[in-house]
Visitor: 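Below is the structure I would like to discuss, written out as structure tokens.
Here the structure is a predicted model, which is why all the values come from computation and not from measurement. The residues of the chain are indexed from 1 along the displayed sequence.
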Amino acid sequence: MSGTSDTDTRTNGAPRVFVSYTHESPDHKRWVSDLARELRDKGVNIVLDQWDLGLGGDVTLFMEKGIRDAERVLLVCTPAYCRKANEGMGGVGYERLVVTSEIASKIDTNKFICVLRAGTKEDSIPAFAKTRIYVDFTGTADFELAFDALLRDIHQVPANPKPPLGPNPFKSGLAQIPGCDEPIAESTETAPIADIETVYAQSVRLLRMDDMLGWKHLVRQLRRNVPVHLAQWRDNVEKIAGRRNDDEWREDLYRAISTASPLICAALVAVESDRETVANQTGILDDFLQLSNWNRAGYRRVVETPLLIAHFFHHVMGAIFINEREHHRAISLLSSTVQAETRLEPGPLWASHELMFASEALTTSVTEMWRFLLGLYPKLTWLSHFFVNEREYVEGVRAYRTVASLIELGKQLVSGQDVRERPEFFPNVAPVFLANPLDLRELPSAAALISKALPTVEVLNDICTATGCNRGQVYKAWPDWFGVLVRGFFELYKNTIAGRSATSQWTTVPPLPC
């Protein structure tokens, strides 16, 4: 398979657009190719089977991945396309299933654009898209007008833009983000929490337009507001926190994380954009670790809540790095120096008990903390902007923790510590990552997890560089270290099916890349 990679898309900010059409005639294929070429010439990263699907390629996988990964999808509508889509025939029929699944999951999406190539709306547009606005290419004389309308919509630059919303002349305290339809409230005691979908869309738009000033303005306001919103959350829960049962308190913590989510989401958009000027978002992590005007006295669970939010934020950021195969950035994040207000001395993130083990805001049990962290995906629906599904989120977080464990191994070797299995030693990066706690009935392949965490020997070299050890030391110590992890896992999960089967299933040490 050939074509522009995801990395290219992130580098130049071009919107990724998948084209769905029928191979009904050579002329029609040529027309689709010409349209795609025109769009690509105008800064649209087109994904087209004629260019991107080579011999031996999996057609079904190409269609599914193309539609799910694209920001927009063009449905080139003809009577033949409509018939195949409605009757579920061939590739178009399969694409129909993927498209309707996405529409069903988010009914208000404008991801899919009907391009009317031939026939009429009634006989060419499939039933699932009949109610959606389309662009008409049936008149050759109007091609340029139709093309301009399509191009502007993809780039989100309308010919007649909505005028900016002015301030309420009768109310103070609201500020307008450049290019944003909705105002974001400034920090006041009654400031509403910013709508996270608005923040996400605005962050994407500003970074795609390379409007760094606008994006920084947005984040600056969110950084001002989040401490205020968390203080409001605290006022609501502090008096009753001691009377809440575990399930009720988890719901309170979900609300606390949701309160901080607009800022986290804006930061993650920058992380995923791969723009060097905004790619490092550890400053946001520091915001939560040293939250301004946060009273350090009071009920322990409430006081420690910002640390739990920081715990969540760095794991999501690390999972994105892993899934984007930017392991060097995950290693840099784990090696960065952090300091929580509750700690006397700063230290590396991977060694932070609060950020890698458990947070007293929830529990002192690492397994309960791990289950809470991995269970956040269905609770925080906006995570679907960064992960295809829950499985990708879980596997990314697990691989990120595996990298942290290998960094700990490197540091142990440099300090001359004995890394062999022994009863008195338990690693700082608890080996909960060896299994998915959402389903402990079966143990996943340890080799697959190591492969995701260490896909190449270059990643192992980066870990060695970050820790100061050499690769030969790691290869020699790895079997002993894996034994430490398996023993630790057994101690954590000995009363579960997974714990009881750990020693029998993990008898073979998974290989490191070489």
Visitor: Under 3.5 Å, is there a donor on one side chain and an acceptor on the other for Thr120 and Asp123?
Guide: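 Side chains of Thr120 and Asp123: pair found under 3.5 Å.
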Visitor: Would you say Ser451's side chain and Ala447's backbone share a donor-acceptor pair under 3.5 angstrom?
Guide: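 Answer holds: no.
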Visitor: Please evaluate residues Phe18 and Phe112 with respect to the criterion ring pair (Phe, Tyr, Trp, His ring centres under 6.0 Å), reporting the C-alpha separation (whole Å), side-chain torsions for both, the decisive distance (0.1 Å), and the verdict.
Guide: CA-CA 10 Å; Phe18 181 84; Phe112 304 96; 9.9 Å; no
Visitor: Could you state the interatomic distance from CD1 (Ile284) to CD1 (Ile309), rounded to the nearest 0.5 Å?
Guide: 12.5 Å
Visitor: Is it true that Arg224 and Gln221 share a donor-acceptor pair across their side chains at a distance under 3.5 Å?
Guide: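 No - no donor-acceptor pair under 3.5 Å links their side chains.
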Visitor: Can you tell me how far NE2 of His311 sits from CG of Leu355, rounded to the nearest 0.5 angstrom?
Guide: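 It comes to 7.5 Å.
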Visitor: Name all pairs fulfilling the ring pair (Phe, Tyr, Trp, His ring centres under 6.0 Å) condition that reach into residues 254-274, sequence neighbours left out, sorted by first residue then second.
Guide: Tyr254-Phe372
Visitor: Exactly one of Leu406, Ile407, Leu409 should register a side chain to side chain contact (heavy atoms under 4.5 Å, CB included) with Thr467. Which one does?
Guide: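 Between Thr467 and the candidates, side chain to side chain contact (heavy atoms under 4.5 Å, CB included) is satisfied uniquely by Ile407.
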Visitor: Hey, does the side chain of Thr78 reach the backbone of Tyr81 with a donor-acceptor pair shorter than 3.5 angstrom?
Guide: yes
Visitor: Is Val135 close to Phe147 at the side-chain level, that is, under 4.5 Å between some pair of heavy atoms?
Guide: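 A side-chain contact is absent here, since even the closest heavy-atom pair is not under 4.5 Å.
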Visitor: Do Phe288 and His314 come close enough that some side-chain heavy atom pair is under 4.5 Å?
Guide: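 The answer is no; the side chains never approach within 4.5 Å.
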Visitor: How many angstroms lie between CD in Glu272 and CG in Asn323, if you round to the nearest 0.5 Å?
Guide: 9.5 Å
Visitor: Counting C-beta onward and ignoring hydrogens, is there a side-chain heavy-atom pair between Cys77 and Val115 closer than 4.5 Å?
Guide: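 Contact flag for Cys77/Val115 side chains = no.
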Visitor: Say whether Tyr400 and Glu395, considering side chains only, have a donor N or O and an acceptor N or O under 3.5 Å apart.
Guide: no
Visitor: Check whether any side-chain heavy atom of Leu333 sits under 4.5 Å from a side-chain heavy atom of Leu349, and report yes or no.
Guide: yes
Visitor: If the threshold is 4.0 Å, N to carboxylate O, is there a salt bridge linking Arg152 and Asp148?
Guide: yes
Visitor: Working to the nearest 0.5 angstrom, can you tell me the gap between Leu213 CG and Leu218 CG?
Guide: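 Reported value, rounded in 0.5 Å steps: 11.5 Å.
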Visitor: Taking only residues two or more places apart in sequence or in another chain, which ones pass salt bridge (Lys or Arg N to Asp or Glu O under 4.0 Å) with Asp287?
Guide: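 Only Arg223 meet the salt bridge (Lys or Arg N to Asp or Glu O under 4.0 Å) criterion with Asp287.
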Visitor: Got a sec: does the NZ of Lys216 have more than 12 other heavy atoms crowding it under 6.0 Å?
Guide: no
Visitor: Taking the side chain as every heavy atom from C-beta outward, state whether Ile331 and Phe321 have any atom pair closer than 4.5 Å.
Guide: no
Visitor: List in chain and number order the residues that pass ring-ring contact (aromatic ring centres under 6.0 Å, His included) with His327, two or more places apart in sequence or in another chain; answer none if no residue qualifies.
Guide: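 Listed in chain order: nothing, the list is empty.
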Visitor: Roughly how far apart are Ser33 OG and Glu38 CD, rounded to 0.5 Å?
Guide: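 Reported to 0.5 Å precision, the distance equals 10.5 Å.
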Visitor: Is there a donor-acceptor contact under 3.5 Å linking the side chains of Ser335 and Trp350?
Guide: no
Visitor: I'd like to check the ring-ring contact (aromatic ring centres under 6.0 Å, His included) partners of Trp31; sequence neighbours left out, ordered by chain and number.
Guide: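 Applying ring-ring contact (aromatic ring centres under 6.0 Å, His included) to Trp31 gives Phe137.
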Visitor: Got Tyr200 and Leu268 here, is their nearest side-chain heavy-atom distance under 4.5 Å?
Guide: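 They are not in contact (no side-chain heavy atoms under 4.5 Å apart), so the answer is no.
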Visitor: State yes or no: are the ring centers of Phe387 and His385 separated by less than 6.0 Å?
Guide: no
Visitor: Just jot down the salt bridge (Lys or Arg N to Asp or Glu O under 4.0 Å) partners of Arg72, sequence neighbours excluded, or say none.
Guide: Asp153
Visitor: For the residue pair Asp27 / Ser25, report whether a side-chain donor-acceptor contact shorter than 3.5 Å exists.
Guide: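 No, because no side-chain N or O of Ser25 sits under 3.5 Å from a partner of the opposite role on Asp27.
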Visitor: Quick one, Val32 and Leu74 - any side-chain contact, counting heavy atoms below 4.5 Å?
Guide: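 Counting from C-beta outward, Val32 and Leu74 never come under 4.5 Å.
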Visitor: Can you see whether Asn389 engages Tyr377 through a side-chain donor-acceptor pair at a distance of less than 3.5 angstrom?
Guide: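 No.
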Visitor: Measuring from atom CG of Asn45 to atom CD1 of Ile154, what distance do you get when rounded to the nearest 0.5 angstrom?
Guide: 11.0 Å
Visitor: Check ring-ring contact (aromatic ring centres under 6.0 Å, His included) between His328 and all other residues, then give those that pass, not counting sequence neighbours.
Guide: none
Visitor: Consider only side-chain N and O atoms of Tyr393 and Ser384, and report whether a donor and an acceptor are under 3.5 Å apart.
Guide: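 There is no such pair (donor and acceptor under 3.5 Å, judged by atom type) between the side chains of Tyr393 and Ser384.
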